[in-house]
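This report refers to the structure that appears directly beneath it.
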Amino acid sequence: MELLKHRILQDGRCYPGGILKVDSFINHQMDPMLMYKIAEEFINRFKGTHINKIVTIEASGIAPAIMVGYVMQLPVVFVKKKKPKTMENMLSTVVHSFTKDRDYTVCISNNFLTADDHILFIDDFLAYGNAALGMLDLAKQSGCTVAGMGFIIEKAFQDGGNTLREQGIHVESLAIIDNLDNCEIVIR
């Protein structure tokens with residue numbers, strides 16, 4: 001997606017340790033027009049795939065997931081990083097956050113993720129694949145079908161994409177970063 005690649009090169013910032021900040025247009029301050037184009041691209045890439053629900057994980061995946069759900073006219077559910085006292089029929093798993101370097105016990109109500117669901121998982125980044133693997137565990141617990149996983153940005157050098165693809169998951173990444181060596185952004 002050329003528009004996204006241009007914005008990453010123009011407005012993204014690189015930090016040592018393989019960190020790419022896109023907080024000025026994706027995951028802190030958001031560009032809703034870009035988010036709409038991102039949703040259209042995901043919809044195009046998963047065209048013909050049976051999907052009845054969009055799922056993401058708190059918090060940075062919520063904006064693109066809602067936009068995809070809005071355009072597709074499908075419900076959107078997000079996996080929570082803190083268990084609400086009122087959640088019933090909870091499914092949970094542990095996910096390690098690369099960015100925050102900590103583990104989260106994430107949860108979702110089985111009322112909103114069932115064996116009847118064919119989900120499209122949407123998130124902002126795919127690095128080591130920890131959030132995606134957590135989602136696969138929740139999907140297995142619920143019995144739902146993971147129809148596909150879409151990521152705005154994939155860091156190919158951190159191998160999460162290969163891990164998911166080797167498991168037969170239909171993965172679509174709109175921009176693939178080959179490396180961030182010397183804080184230079186190299187997009188495939």
Side-chain angles (χ1 to χ4, degrees), residues 1-9 11-12 18 20 22 25-27 30-79 95 97-99 106 108 113 117-140 142 144-180 185-188:
M1 184 177 171
E2 292 306 313
L3 176 63
L4 175 61
K5 292 175 185 178
H6 173 75
R7 282 300 291 276
I8 293 168
L9 292 173
D11 297 326
L20 173 64
V22 290
F25 59 101
I26 289 180
N27 56 17
M30 288 167 260
D31 178 340
M33 287 66 69
L34 176 62
M35 224 33 99
Y36 185 81
K37 293 292 187 188
I38 285 169
E40 286 183 324
E41 185 66 22
F42 278 134
I43 291 162
N44 183 50
R45 291 189 185 202
F46 289 101
K47 192 174 192 166
T49 304
H50 175 59
I51 299 164
N52 71 330
K53 191 170 285 180
I54 310 301
V55 180
T56 190
I57 192 162
E58 198 169 39
S60 297
I62 294 174
I66 288 208
M67 194 64 77
V68 171
Y70 174 76
V71 176
M72 292 183 79
Q73 299 183 4
L74 293 174
V76 178
V77 181
F78 67 91
V79 176
V95 171
S97 168
F98 167 75
T99 309
V106 299
I108 189 168
L113 189 66
D117 289 323
H118 293 259
I119 67 163
L120 173 58
F121 179 76
I122 298 289
D123 208 356
D124 60 341
F125 274 96
L126 172 57
Y128 293 103
N130 297 329
L133 293 171
M135 184 65 242
L136 291 176
D137 183 40
L138 293 172
K140 183 178 178 183
S142 74
C144 79
T145 300
V146 178
M149 293 187 153
F151 302 92
I152 297 175
I153 299 170
E154 177 180 341
K155 295 181 188 175
F157 59 93
Q158 290 175 328
D159 224 27
N162 289 337
T163 300
L164 295 174
R165 290 177 183 101
E166 286 169 2
Q167 293 186 36
I169 304 296
H170 177 185
V171 174
E172 292 289 342
S173 300
L174 304 187
I176 298 176
I177 308 297
D178 279 326
N179 71 64
L180 296 170
I185 302 167
V186 178
I187 300 178
R188 185 173 299 167

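Fair warning: this is a prediction, and the values are worked out from it, not measured in the lab. Residue numbers count from 1 along this sequence.
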Contact check, side chains of [X] and [Y], non-hydrogen atoms, under 4.5 Å:
X	Y	answer
Val71	Phe42	no
Ile51	Ile119	no
Leu113	Met135	yes
Asp31	Arg7	yes
Ile169	Leu136	yes
Asp124	Ile153	no
Asp117	Ser142	no
Phe125	Leu20	yes

Rounded distance [0.5 Å steps], [atom1] in [X] versus [atom2] in [Y]:
X	Y	atom1	atom2	result
Ile62	Ile122	CD1	CD1	13.5 Å
Leu133	Thr163	CG	OG1	6.5 Å
Asn52	His118	CG	NE2	6.5 Å
Met67	Ile54	CE	CD1	13.0 Å
Leu120	Leu74	CG	CG	9.0 Å

Can you confirm whether more than 12 heavy atoms, excluding those of [X], are under 6.0 Å from its [atom1] atom?
X	atom1	answer
Phe25	CZ	yes
Lys5	NZ	yes
Tyr70	OH	no

**Report entry** Pair Ile185-Leu180, side-chain contact (heavy atoms from CB on, under 4.5 Å): steps then yes or no
**Finding:** CA-CA 5 Å; Ile185 302 167; Leu180 296 170; 3.8 Å; yes
Nearest atoms (heavy-atom pairs only) where [X] meets [Y]:
X	Y	result
Val146	Ala139	CG2-CB, 3.5 Å
Glu154	Ser173	OE1-OG, 2.6 Å
Met30	Ala63	SD-CB, 3.1 Å
Asp178	Ala156	OD1-CB, 4.0 Å
Ala175	Leu4	CB-CD2, 3.8 Å
Val68	Ile43	O-CD1, 4.2 Å

Query - Candidate list Phe121, Phe151, Phe46, test ring-ring contact (aromatic ring centres under 6.0 Å, His included), partner His170, passing option - result: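 Only one option passes, and that is Phe46.
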Query raised in the report: Short question: side chain of Asn130, backbone of Val95 - any donor-acceptor pair under 3.5 Å?
Result: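 Such a contact is absent between Asn130 side chain and Val95 backbone.
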Query raised in the report: Is a side-chain donor or acceptor of Lys155 paired with a backbone partner of Gly18 at a separation under 3.5 angstrom?
Result: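 Between the backbone of Gly18 and the side chain of Lys155 there is a qualifying donor-acceptor contact (under 3.5 Å).
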**Report entry** Option among Ile177, Ile176, Leu164 that satisfies the side-chain contact (heavy atoms from CB on, under 4.5 Å) test with Leu126
**Finding:**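 Of the listed residues Ile177, Ile176, Leu164, the side-chain contact (heavy atoms from CB on, under 4.5 Å) partner of Leu126 is Leu164.
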Query raised in the report: Under the salt bridge (charged side-chain N to carboxylate O under 4.0 Å, His left out) criterion, do Glu41 and Arg45 qualify, and how do the steps go?
Result: CA-CA 6 Å; Glu41 185 66 22; Arg45 291 189 185 202; 2.9 Å; yes
